[in-house]
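What follows is a set of notes on a single structure, which appears directly below.
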Amino acid sequence: MNATSQVPAIELIGIDKKFGAVHANKNINLTVAKGAIHGIIGENGAGKSTLMSILYGFYQADSGAIHVNGRPVAIHDSQSAIAAGIGMVHQHFMLVENFTVLENVMLGAEGGALLGKGTETARAALKKLEEDYELEVDPDAVIEELPVGLQQRVEILKAMYRGAEILILDEPTGVLTPSEADHLFKILGVLRDQGKTVVLITHKLREIMAITDTVSVMRRGEMVATRKTSETTVEELAELMVGRRVLLHVEKGAAKPGEVFLSVRNLTVKDSRGVTMVDDVSFDVRAGEIVGIAGVAGNGQSELLEAITGIRKPASGEILINGEPVAGFDPARLRSLGLAHIPEDRHHMGLVLPFEESLNAILGYHHDERYGKGLFLDPDAVRRAALDEIEKYDIRPPNPRLKTANFSGGNQQKIVVAREIERDPKLLIVGQPTRGVDIGAIEFIHRRIVETRDAGKAVLLVSVELDEIRSLSDRVLVMFAGKIVGEKTPDTGEQTLGLMMAGIAA
Amino acid sequence: MDYFDILVSILGSTVRLSIPLIFTALAGLFSERAGIFDIGLEGKMLAAAFASATAAYLTGSPWVGLASGIGVSLAFSLVHGFASITNRGNQIVSGVAINFAAAGLTAVLGHAWFRQGGRTPGLAGDARFGPIILPGADALRDVPFVGPLYANVISGNNLLTYLAFLAVPLSWWVLYRTRFGLRLRAVGENPGAVDTAGISVTWLRYRAVLVAGFLCGFSGTYLAIAQSAAFINNMSAGKGYIALAALIFAKWRPVPVMLACLLFGFLDAFANFMQGKSVPGIGEVPVQIFQALPYILTCVLLAGLIGSANPPKAGGVPYVKER
Amino acid sequence: ADVKPALVYGTGGKFDKSFNEAAYAGAEKFKAETGIDYRDFEPTGDTQGEQAIRNFASKGYNPVVAVSFAWTSAIEKVAAEFPDTKFVIVDSVVDLPNVRSVVYKEEEGSYLVGILAGMASKTGKVGFVGGMDIPLIRKFECGYEQGARAANPSIEVLQNMTGTTGAAWNDPVRGGELTKNQIDQGADVIYAAAGATGLGVLQTAADNGKLSIGVDSNQNYLHPGSVLTSMVKRVDLAVYNAYSDAKGDKFSAGVQALGVKEDGVAYALDEHNAKLVTDEMKAAVEKAKADIIAGTIKVHDYMSDNSCPK
Amino acid sequence: MSTASVPLPNWINYALLPLINLILAFLVSGLVVWIIGENPYDALVLMLQGALGRGEGIGFTLFYATNFIFTGLSVAVAYHAGLFNIGSEGQAYVGGLGAALVALSLDHYVPWYVTMPFAICAAALFGAAGAAIPAWLQAKRNSHIVITTIMFNYIISSLMNYVLVHVLIVPGKMAPETRTFIEGGKLPKLDWLMSMFGLDLGPAPLNVSFLVALVMCALVWVLIWRTKLGYEMRTLGISRSVAAYAGIPYVKIVIITMLISGGLAGMMALNPVMGASARLQVEFVGGAGFVGIAVSLMGRNHPVGIVLAAILFGVLYQGGADLSFEMPTITRDMIMVIQGLVILFAGALEYMFRPAIVRIYQKMTRD
Ligand SMILES: Nc1ncnc2c1ncn2[C@@H]1O[C@H](COP(=O)(O)OP(=O)(O)OP(=O)(O)O)[C@@H](O)[C@H]1O
Ligand SMILES: Nc1ncnc2c1ncn2[C@@H]1O[C@H](COP(=O)(O)OP(=O)(O)OP(=O)(O)O)[C@@H](O)[C@H]1O
Ligand SMILES: [Mg+2]
Ligand SMILES: [Mg+2]
């Protein structure tokens with residue numbers, strides 16, 4: 001090692017950031033060595049994206065300093081970050097969907113006030129980059145017509161085109177199949193070999209172990225530890241992440257499956273752009289069992305859930321509940337047939353954040369006569385009912401009149417879980433039940449789901465957390481590219497399931 | 001008078017009536033393509049008309065009039081920008097406010113200053129943009145077909161008319177061939193992409209809004225001191241909204257914008273022509289039908305009966321990074 | 001008697017160079033002669049007239065003159081509420097004991113300018129641009145058409161109305177466009193009876209080197225050499241007479257119909273159009289005037305049967 | 001640090017901030033008055049005297065406020081469902097046709113209290129019809145309700161123009177308006193109400209539609225906060241995806257909401273058409289639909305706030321009329337200036353002072 005490599009690529013000193021009442025980054029110090037792949041892990045909401053966005057100039061820190069290559073730099077905006085040689089691939093892509101790849105790559109680096117000449121230079125430079133890093137993509141393709149994996153390539157190309165020496169990737173593998181992820185890691189390796197620095201945000205420990213040189217752990221806005229990857233273990237990292245030993249196994253007895261309650265036959269679902277997301281899928285869920293669907297995010301699970309719960313009209317195929325065909329029924333009608341749904345994203349679907357808690361406790365069930373006669377709604381009755389659930393599920397603070405947005409993520413999730421399970425459904429559809437939820441709440445929610453099964457209800461569970469699937473399910477279906485590629489028992493090895501999720505083995 | 005003469009006459013009228021629509025719709029194009037909805041086009045046009053007429057009256061120069069029209073329109077644009085970009089306010093509400101303020105201010109000031117029921121005093125010929133006779137117009141006039149078209153439709157318009165038609169390809173060029181245009185289109189679709197590319201969303205949107213103000217300055221000036229010789233109370237009379245309709249009808253693209261404006265201008269001209277004349281078998285067609293037609297057509301378009309109109313994705317939504 | 005005169009204009013504004021300005025001139029004349037000041041009000045919308053009229057009445061103003069048919073129902077209402085106040089309505093008839101209704105025989109004045117138009121036209125086509133499409137404006141048009149035909153039996157009269165609502169009085173752009181249409185169709189003299197819209201008519205005619213005819217006030221000076229004449233409607237007289245009658249305790253309610261004979265309507269001749277009106281034209285129009293006064297020419301009033309003889 | 005998500009107590013959100021914005025609007029208006037050479041303070045005094053000084057002034061103020069309550073409610077109801085209805089103007093206009101048709105056909109035969117319920121229904125129905133196509137376009141075709149309602153303002157205006165000029169006009173009359181209704185088609189004035197407070201209504205046209213407006217306020221409150229439909233509307237207004245999850249039918253709610261909104265706007269016509277002028281006139285709405293936007297914004301979409309804001313605008317309208325009468329250099333258009341500024345400051349710039357207030361508030365609560 002020569003002297004220059006002693007100078008760290010990045011030094012963050014005392015970074016502090018608040019979003020209103022949320023303290024997203026608390027006095028964070030971080031050093032990233034030059035030419036290294038540095039992993040950052042942490043639970044949802046730990047503040048990883050915020051920290052990196054500050055480094056990239058997307059947000060401005062309330063206080064703290066940033067050094068790049070040993071020199072202090074003032075990063076007011078992404079412009080100054082780019083000038084300092086920093087590039088970032090955001091968790092949510094920052095692409096103009098109706099622009100071509102080339103236009104997206106050029107945006108902000110057009111090389112002159114007129115496009116004409118710059119376009120040709122860019123095209124040539126892009127071609128070279130593609131060849132150097134095996135990042136082939138048609139420069140004239142329009143973004144919205146590209147699959148996510150390729151869109152991510154465009155993001156990486158954008159950063160490279162701007163001459164990034166330091167590349168930040170925010171959860172890049174969430175949208176990738178394992179093989180795509182492997183390809184990405186290969187590219188990151190090439191980058192490292194060329195002396196570039198990579199910061200990789202993820203909460204997949206496997207990835208950290210596989211590729212990083214150093215890893216830092218964030219928890220609740222704080223930087224809790226930094227380790228050399230070679231000197232740590234998955235267990236240690238997991239513990240650092242959540243603050244106490246992870247309990248990965250759920251206590252549960254054997255299932256006693258009864259009659260088939262939900263039956264999906266040759267179901268095909270398209271998304272709003274007309275792309276087939278669920279392709280000729282068939283499976284059954286029996287009363288008294290939990291069927292888990294494993295898969296990498298974006299392989300059609302969301303659309304499958306939406307179709308079953310009536311939010312999205314299927315393109316073809318049948319859905320039978322207790323033998324009755326229900327495809328195309330609206331969610332309200334399905335609820336009356338005994339279906340309950342814990343949605344994947346509580347903010348996007350499950351909760352009206354500006355409402356007081358009690359009004360969310362009846363969402364979807366608000367037509368019930370318990371909450372008011374006929375057309376009317378009785379707020380007192382609603383609050384009384386909500387208070388019951390608050391007590392039963394230990395939702396804190398126990399105030400049904402508090403604005404839902406002011407509850408923490410875990411408690412918000414409990415509001416949803418309580419609402420859905422307490423209606424005593426015959427069929428429970430669960431999507432990502434513990435996303436962004438703390439360990440205590442996870443246990444609680446898992447127990448409720450198992451209890452529901454034990455009460456003889458049919459449960460369909462979708463999760464991208466393989467551990468969750470394996471510990472809760474009685475049967476595991478693996479979904480890949482819109483198809484169910486196989487059924488396994490929950491004790492099947494992670495390796496095997498991982499390969500299936502990548503579409504490699506059946 | 002044969003049909004050809006009638007056609008020439010209507011076409012001439014179409015051109016004159018379309019010009020304010022073209023400027024205004026192009027103004028809306030820049031603003032909305034950058035993601036800032038602008039229903040305050042009407043108000044800006046009106047304010048510009050008042051300012052240009054007042055300045056031209058006071059100085060006797062149409063150029064000072066034009067400059068004032070543009071200046072005042074830019075000021076209103078800045079207000080819209082301040083509300084909807086800096087303060088992330090509701091763009092529709094801001095537009096409504098601007099329309100009210102402009103309608104009120106022009107009437108109040110006009111009345112207080114000139115005491116002619118809100119009108120500004122009439123302008124002498126050289127305080128206006130007069131007709132420009134293109135070379136050979138008179139010589140060609142008698143050539144069949146081409147002659148009258150050239151002499152009565154193409155020639156004999158004022159400078160602003162020619163500028164309007166120049167503004168169309170220019171707008172196209174700016175939007176699709178310059179860095180500014182690329183960024184502007186991008187910021188209307190995904191401001192995050194622009195921001196992370198190191199470009200200031202705020203400044204870019206301000207520039208777009210200012211371009212809109214600049215163009216509305218022309219349309220207002222045209223109304224007051226090219227097409228007419230004075231400012232009249234509420235003289236924009238809904239043209240800002242027709243321009244908005246034309247913008248939607250054209251699906252936010254420059255050349256179709258011009259065509260839509262010409263179509264709507266033609267409807268207006270045709271209505272004027274048809275007024276009082278009865279159509280065999282139908283009788284007199286009520287002028288109200290022609291007045292409503294641009295809006296009806298736009299609604300038909302929006303109903304998806306003739307293609308679909310997808311506004312810029314980030315349109316109308318303030319760019320909020322931090323909650 | 002003591003008078004406290006008030007005046008409510010039509011919506012075109014006090015200095016509209018036309019109808020309202022004539023009313024203003026009448027009030028000013030009264031003020032100059034008697035030294036008695038008056039209050040006036042310029043409503044900018046239809047809803048304000050009634051409130052203004054009532055305001056004047058309740059504040060003790062008397063007589064209250066309202067120029068424009070738009071205030072008809074307002075006067076009907078307010079005059080009933082204030083039976084001791086004298087009201088004058090111009091261009092409309094209100095049948096109440098304390099209201100004087102002044103109407104004009106616009107058909108006669110229009111007939112006169114029609115003769116001039118018919119004689120001045122070289123193309124054999126003359127135009128008419130009206131404001132709001134109402135019987136009153138048709139009356140202007142009908143008289144004009146009769147006059148033009150009297151001067152030239154084969155003349156063609158093109159006619160347009162600007163609109164169907166109050167906005168038609170204040171739309172010079174459309175007025176100009178309609179004028180241009182008529183010019184394109186061959187008209188070379190265009191008569192505007194359209195309030196402020198007429199300004200656009202006169203402007204466009206001047207811009208295109210054609211002749212125009214003004215209305216209500218003498219508008220000859222607006223575009224000297226281009227305005228052939230103006231059909232002057234002496235609204236000033238209505239206002240002036242109302243005030244001075246009231247002052248001299250001679251105020252009478254009831255309908256006053258002012259025609260050529262009463263000098264209520266006339267054509268305007270001054271230095272601005274002297275060159276445009278030839279001696280021959282002058283002779284013809286003076287003869288017609290005499291004939292109307294003598295009763296030998298009877299100009300048809302459109303409003304008497306809502307039709308115009310062809 | 002961003003301050004947008006820092007919660008503030010209600011008295012700041014619903015009283016202090018609107019008040020600051022209102023004061024600012026008036027300050028700028030005062031500037032305009034000063035520019036045209038009048039004394040802003042005198043103008044303000046004249047305006048307040050004109051609006052609130054006498055029974056007649058108050059009567060006019062409340063008369064105007066009645067219009068604005070209806071249109072404000074119309075805008076607010078739609079707003080709760082996330083729909084920005086700027087077509088109240090046109091919906092009120094066509095509502096007038098409904099009211100007028102009822103009055104014209106019944107006034108000879110029955111007393112006003114028989115006519116009124118029919119007129120209310122007809123006005124609401126016609127108003128709702130005026131909102132129906134934009135509602136459908138939004139619900140089914142996803143075209144922006146703002147755009148379509150603007151378009152419909154013009155379409156309705158042309159239609160009404162045609163109807164008045166060619167169908168309903170009294171032959172031989174100049175103005176395109178219907179005949180004057182006789183007693184059976186007129187709504188009685190509220191002299192008794194004013195005399196309860198020892199005031200004399202005079203000729204001010206305050207009439208029973210004011211009471212109808214207040215009843216509608218109560219009904220809207222019940223609808224929004226005490227019915228399941230209102231719950232569904234509010235849910236939809238906050239998040240379309242949550243509504244879809246909860247089985248709240250988008251198309252149905254959008255259409256119902258817009259019909260209610262249009263109906264409320266349509267009812268506004270009762271006041272001027274049957275309460276004041278006793279006939280249907282061209283453009284009788286006179287911008288009240290747009291004022292409704294300001295009223296709804298100022299009133300934070302709550303019926304009580306709407307009543308207060310409507311009275312504020314009533315003061316502006318009546319006081320403005322008196323002001324322009326007393327200060328002839330200031331025309332009544334000054335109201336529009338003030339209105340524009342109120343909409344600007346209270347609406348588009350509503351959060352301009354929020355960050356500063358948050359800081360002050362945090363400082364104060366910390367100590
Ligand atoms: N733009 C924003 N405005 C307000 N609060 C925000 C914003 N972005 C993030 N937060 C809040 O800051 C906290 C940290 O969020 P951040 O996105 O940095 O977490 P993360 O570690 O990246 O989580 P994830 O793994 O889910 O991506 C969260 O509580 C989040 O709600
Ligand atoms: N978008 C928001 N708006 C307002 N307040 C918020 C928001 N997000 C979070 N908060 C507040 O910040 C606090 C912390 O929220 P956060 O979701 O980060 O909780 P947490 O520490 O992750 O808790 P949990 O373990 O239950 O998820 C919450 O109690 C909540 O009141
Ligand atoms: Mg993140
Ligand atoms: Mg959390």
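To find a chain, count down the sequence lines: A is the first, B the second, and so on, and within it residues start at 1.
- Summarising the geometry, atom NZ belonging to D/Lys228 is positioned 7.5 Å from atom NE2 belonging to A/His367; distances are rounded to the nearest 0.5 Å.
- Here D/Thr227 is the residue among D/Thr227, D/Ile248, D/Val222 with the most heavy-atom pairs under 4.5 Å with chain A.
- The contact between A/Leu351 and chain D is made entirely by backbone atoms, counting heavy-atom distances below 4.5 Å.
- The line from CG of A/Leu363 to OG1 of D/Thr235 is 6.0 Å long, rounded to the nearest 0.5 Å.
- Pairing each heavy atom of A/Ile311 with each of D/Ala244, the nearest pair is CG1-O, 4.0 Å.
- Residue D/Leu223: no heavy atom, backbone or side chain, is found under 4.5 Å from chain A.
- Aromatic ring centres of A/Tyr371 and D/Tyr231: separated by at least 6.0 Å.
- A cation-pi geometry, defined here as NZ or CZ lying under 6.0 Å from the six-membered ring centre and within 45° of its normal, holds between A/Arg335 and D/Tyr245.
- The structure places NZ of D/Lys252 at 9.0 Å from CG of A/Asp330, a figure rounded to the nearest 0.5 Å.
- Side-chain contact between D/Ile238 and A/Val352: present, with at least one pair of heavy atoms (C-beta onward) separated by less than 4.5 Å.
- Of the two parts of D/Ser241, the backbone and the side chain both hold a non-hydrogen atom closer than 4.5 Å to a non-hydrogen atom of chain A.
- Heavy atoms closer than 4.5 Å to chain A are found in both the backbone and the side chain of D/Arg234.
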